[in-house]
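Worksheet: the structure to be examined is printed underneath.
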Amino acid sequence: CKSGDGSLFPLLQDVARIAFFSGNKKYPGVRKTHLQCTSGCLIGPNHHIILPFRMIPKRDTDHKLALVTGATAGIGEAVARRLASEGWDLVLTGRRYERLNRLTHELKEVCPHAAVLSLSFDVCSESDTFDALEGLNEDWQAVDLLVNNAGLSQSLEPVHRQDPADWDRMIDTNIKGLLRVSRVVAPWMRRRGKGHIINLGSIAGKEVYANGAVYCATKHAVEAITRSMRLELNPDGIKVGLIAPGLVETEFSVVRFKGD
């Protein structure tokens with residue numbers, strides 16, 4: 001179980017067995033690459049909790065479907081709430097399982113018309129990202145809108161004093177995470193000949209500031225990737241756009257300073 005703070009271990013205390021799970025019509029959103037345990041969770045091949053069985057809903061394919069990454073807080077959570085209120089079905093992803101689970105249940109209560117499926121993984125992990133998304137069936141692959149929102153900053157130091165591990169975390173999340181999710185979802189959209197991808201950039205991708213070199217660089221990269229993706233995917237009927245927020249009241253600084 002990949003949980004930095006150990007908070008997911010209680011979910012597995014009642015596990016009596018783990019067996020391959022495939023082809024059961026009761027859970028059409030799951031493939032045999034996942035494992036079943038009696039705690040009611042899906043566990044990926046790398047022992048990462050992906051989602052609870054009881055949270056796998058059927059969906060009306062007449063509804064629009066959006067996939068939002070980084071949905072456990074801030075802009076991602078706000079986007080999820082707004083889309084659910086407007087009748088969209090949702091695939092929500094995030095690395096904090098408990099928050100994702102809480103948001104999913106809340107949306108189901110206040111927006112019962114919206115089907116909501118949650119996938120808990122970290123976009124920094126290529127294998128977990130591909131396992132979680134590629135395990136969805138065709139109904140849940142019919143994504144009309146992808147919001148690549150997952151992103152973060154680490155520390156506020158000049159390059160010569162910054163921890164290289166912080167560079168890796170920002171690059172793996174802000175750039176490679178966006179690419180990984182897009183690598184899976186864009187082909188789904190191409191098959192259907194339609195779709196819209198929104199990448200979350202930043203004003204830091206327009207103008208740099210001291211002590212933020214790597215974060216600014218990742219957001220400049222997001223803008224370049226967006227512009228290239230637009231040229232690549234527009235001929236297939238897919239729109240690609242960028243939103244570059246300025247100062248927004250979220251947990252950004254809490255994450256940046258690691259809770260301090």
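- Among all heavy-atom pairs drawn from L103 and A71, the shortest one is CD2-O, 3.2 Å.
- Here the NZ-NE2 distance, from K108 to H113, works out to 14.0 Å after rounding to the nearest 0.5 Å.
- A salt bridge is absent between R99 and E77: the closest approach of a Lys/Arg side-chain nitrogen to an acidic carboxylate oxygen does not fall below 4.0 angstrom.
- Under a 3.5 Å cut-off, the side chain of Q162 and the backbone N or O of Q154 do form a donor-acceptor pair.
- Ion pairing between R59 and D139 fails under the 4.0 Å rule for side-chain N and carboxylate O.
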* How far apart are the C-alpha atoms of Y209 and L156, what are their side-chain angles, what is the distance that settles it, and do they pass the side-chain contact (heavy atoms from CB on, under 4.5 Å) test? -> CA-CA 10 Å; Y209 57 86; L156 191 64; 4.1 Å; yes

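- Under a cut-off of 6.0 angstrom, the local environment of CZ in R227 is sparse, with at most 12 non-hydrogen atoms contributed by other residues, nucleotides or ligands.
- No option in T69, L100, L119 other than L100 meets the side chain to side chain contact (heavy atoms under 4.5 Å, CB included) test with L92.
- The distance from the CG atom of L242 to the CE atom of M229 is 11.0 Å, given to the nearest 0.5 Å.
- Here the NE2 atom belonging to H196 is positioned 11.5 Å from the NZ atom belonging to K64, to the nearest 0.5 angstrom.
- Ion pairing between K194 and D236 fails under the 4.0 Å rule for side-chain N and carboxylate O.
- Distance alone, capped at 3.5 Å, places no donor-acceptor pair between the D89 side chain and the A114 backbone.
- Using a cutoff of 4.0 Å between basic side-chain nitrogens and carboxylate oxygens, E223 and K219 are not scored as salt-bridged.
- The backbone N or O of I225 lies less than 3.5 Å from no partner atom in the side chain of S228, so there is not a single donor-acceptor pair.
- Judged purely by distance below 3.5 Å, without hydrogens or angles, the side chains of S182 and N148 pair a donor atom with an acceptor atom.
- Considering every non-hydrogen atom in both G70 and A150, the closest pair reads N-CB, 3.9 Å.
- When atom types are taken as modelled, the side chain of D128 and the backbone of A132 share no donor-acceptor pair closer than 3.5 angstrom.
- Shown here for V159 and A213, the closest heavy-atom pair between the two residues is CG2-CB, 3.5 Å.
- A donor-acceptor pair is defined here as one N or O able to donate and one able to accept, closer than 3.5 Å; no such pair exists between the side chain of D144 and the backbone of G195.
- In this structure, T173 and G151 approach most closely via the heavy-atom pair CG2-CA, 3.7 Å.
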* Walk me through it: do T226 and N199 pass the test side chain to side chain donor-acceptor pair (under 3.5 Å)? => CA-CA 7 Å; T226 301; N199 296 327; 2.9 Å; yes

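- No donor-acceptor distance shorter than 3.5 angstrom exists from the side chain of T218 to the backbone of M170, with no hydrogens or angles considered.
- Between T93 atom OG1 and R95 atom CZ the span is 11.0 Å, to the nearest 0.5 Å.
- Closest heavy-atom contact between K206 and A244: CE-CB, 4.1 Å.
- Put simply, the side chain of N174 gets close to the backbone of L152: a donor and an acceptor are under 3.5 Å apart.
- Between I198 and V79 the shortest side-chain heavy-atom distance does not fall below 4.5 Å.
- Under a 4.0 Å N-O distance rule, the pair E98/R102 does not qualify as a salt bridge.
- Listed for the S125 side chain is no donor-acceptor partner under 3.5 Å among the backbone atoms of D122.
- With a 4.5 Å cut-off on side-chain heavy atoms, L200 and S202 do not count as touching.
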* Asked: Do L65 and W88 pass the side-chain contact (heavy atoms from CB on, under 4.5 Å) test, and can you show the C-alpha distance, the side-chain angles, and the key distance before you say yes or no?
  -> CA-CA 6 Å; L65 176 62; W88 287 66; 5.7 Å; no

* **CA sep, side-chain torsions, deciding dist, call: L133, W188, side-chain contact (heavy atoms from CB on, under 4.5 Å)** => CA-CA 11 Å; L133 296 178; W188 299 345; 4.2 Å; yes

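- The closest donor-acceptor contact from the side chain of R180 to the backbone of T129 lies at 3.5 Å or more, if one exists at all.
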* To do: For side-chain contact (heavy atoms from CB on, under 4.5 Å), just list the numbers for L67 and V185, CA-CA rounded to whole Å, side-chain angles, deciding distance to a tenth of an Å, and then say yes or no.
  => CA-CA 9 Å; L67 191 158; V185 177; 4.0 Å; yes

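- With hydrogens and angles disregarded, no donor-acceptor distance shorter than 3.5 Å links the side chain of H220 to the backbone of Y215.
- No more than 12 heavy-atom neighbours from other residues, nucleotides or ligands sit within 6.0 angstrom of CZ on R190.
- Distance CG/N101 to OG1/T72: 12.0 Å, rounded to 0.5 Å.
- Closest non-hydrogen pair, I238 versus A186, comes out as CD1-O, 4.1 Å.
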